[in-house]
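Single-structure report; data block below.
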Amino acid sequence: MGAVFFSFMQDFHASTTKVEYENGTLKLTAKFFTSDLETAVGANVSSKDSFDSKAKSYSNSNLVVKVNGSTVPLTYVGSQTNDKSTRLYLKADNVKDIKEIEIKNSMLINNFADQQNLVTFDINGVRKSFTAKKGSDSGKVTF
């Protein structure tokens, strides 16, 4: 029975990205299955410097955030791995007066056809979400 469950887990590709707003800073925390992220990034988490360098480059080309129609630059803060998951931390500073946020999240979508990226926003006490996937990797929410 355990093998069936394990097999299922390997065939399931998903991530969560939490977007929070605090004191003019958007904070993004993206959580992945470590093995899936290593495949996409092309580096092993055990080699932290190499992994962070490649994860920074990878997330810069696969995560795009627009606030009120304008792209905001994301800064890669770092990564954290425990058990089977790895979190990537990014932020955007000097963000003001959020009326709408659009995010393109194509993380892992080119690697896994069934990849789903759940994006959850917590902005000024309001929570909204959408799921990015192949053919539909962007979403827009208004506040």
Side-chain angles (χ1 to χ4, degrees), residues 1-68 70-95 98-143:
M1 190 58 148
V4 172
F5 179 72
F6 180 74
S7 170
F8 169 75
M9 288 303 289
Q10 290 304 99
D11 293 333
F12 179 71
H13 301 102
S15 78
T16 58
T17 301
K18 189 173 176 184
V19 182
E20 299 172 289
Y21 181 65
E22 195 176 284
N23 301 324
T25 300
L26 271 181
K27 298 177 180 178
L28 286 75
T29 304
K31 182 179 176 184
F32 306 89
F33 289 116
T34 300
S35 59
D36 292 351
L37 187 58
E38 288 174 331
T39 297
V41 169
N44 193 297
V45 294
S46 62
S47 174
K48 185 108 170 98
D49 289 343
S50 172
F51 177 80
D52 276 337
S53 172
K54 290 184 177 183
K56 175 182 180 178
S57 174
Y58 181 79
S59 56
N60 279 342
S61 57
N62 288 282
L63 268 178
V64 179
V65 177
K66 291 183 180 178
V67 174
N68 304 333
S70 298
T71 302
V72 294
L74 292 175
T75 302
Y76 182 84
V77 178
S79 66
Q80 179 183 28
T81 301
N82 27 356
D83 286 337
K84 292 178 168 54
S85 66
T86 297
R87 286 180 173 85
L88 300 182
Y89 300 97
L90 299 103
K91 68 175 185 159
D93 292 318
N94 302 315
V95 177
I98 299 173
K99 300 213 179 351
E100 73 174 28
I101 298 181
E102 181 177 355
I103 291 190
K104 174 189 173 212
N105 183 347
S106 59
M107 302 285 280
L108 279 57
I109 288 175
N110 289 332
N111 299 86
F112 306 105
D114 63 340
Q115 177 71 32
Q116 293 193 26
N117 299 324
L118 174 64
V119 182
T120 304
F121 300 86
D122 238 326
I123 311 291
N124 301 328
V126 177
R127 176 170 282 179
K128 295 189 175 190
S129 63
F130 74 90
T131 302
K133 54 188 179 281
K134 193 169 200 76
S136 176
D137 64 4
S138 295
K140 186 188 296 186
V141 293
T142 55
F143 294 93

Evaluate the criterion side-chain contact (heavy atoms from CB on, under 4.5 Å) for residue pair S59 and M107; output intermediate values, then yes/no.
-> CA-CA 7 Å; S59 56; M107 302 285 280; 4.1 Å; yes
Step-by-step side-chain contact (heavy atoms from CB on, under 4.5 Å) determination, R87 to N82 | CA-CA 9 Å; R87 286 180 173 85; N82 27 356; 4.0 Å; yes
How about L118 and S129: do any of their side-chain heavy atoms sit closer than 4.5 Å?
-> yes
Taking only residues two or more places apart in sequence or in another chain, which ones pass side chain to side chain contact (heavy atoms under 4.5 Å, CB included) with K91?
-> T25, T75, V77, D93
For L63, which of N117, L90, L88 qualifies under side chain to side chain contact (heavy atoms under 4.5 Å, CB included)?
-> L90
Hey, is K104 close enough to E102 for a salt bridge, meaning N to O under 4.0 Å?
-> no
Output the distance between atom NZ (K27) and atom CD (E22), rounded to the nearest 0.5 Å.
-> 3.5 Å
Hits for side chain to side chain contact (heavy atoms under 4.5 Å, CB included) against T142, two or more places apart or cross-chain, chain-then-number order -> E100, K128
Can you check whether T16 reaches T120 side chain to side chain, under 4.5 Å on heavy atoms?
-> no
Do I103 and F130 have side-chain heavy atoms sitting under 4.5 Å apart?
-> yes
How about Y89 and Q80: do any of their side-chain heavy atoms sit closer than 4.5 Å?
-> yes
Fit a plane to each ring of F112 and H13, take the angle between them on a 0 to 90° scale, and name the class: parallel (under 30°), tilted (30 to 60°) or perpendicular (over 60°).
-> parallel
Under the side chain to side chain contact (heavy atoms under 4.5 Å, CB included) rule, collect the residues that match up with A40, sequence neighbours excluded.
-> Y58, L108, N111
Could you walk me through whether V65 and L26 pass the side-chain contact (heavy atoms from CB on, under 4.5 Å) check?
-> CA-CA 10 Å; V65 177; L26 271 181; 4.1 Å; yes
Run the salt-bridge test on K48 and D52 with the 4.0 Å N-O cut-off and return the result as yes or no.
-> yes
Please walk me through it: do K99 and F143 pass side-chain contact (heavy atoms from CB on, under 4.5 Å)?
-> CA-CA 5 Å; K99 300 213 179 351; F143 294 93; over 6 Å; no
Residue among V67, I98, D122, V126 satisfying side chain to side chain contact (heavy atoms under 4.5 Å, CB included) with Y21 | I98
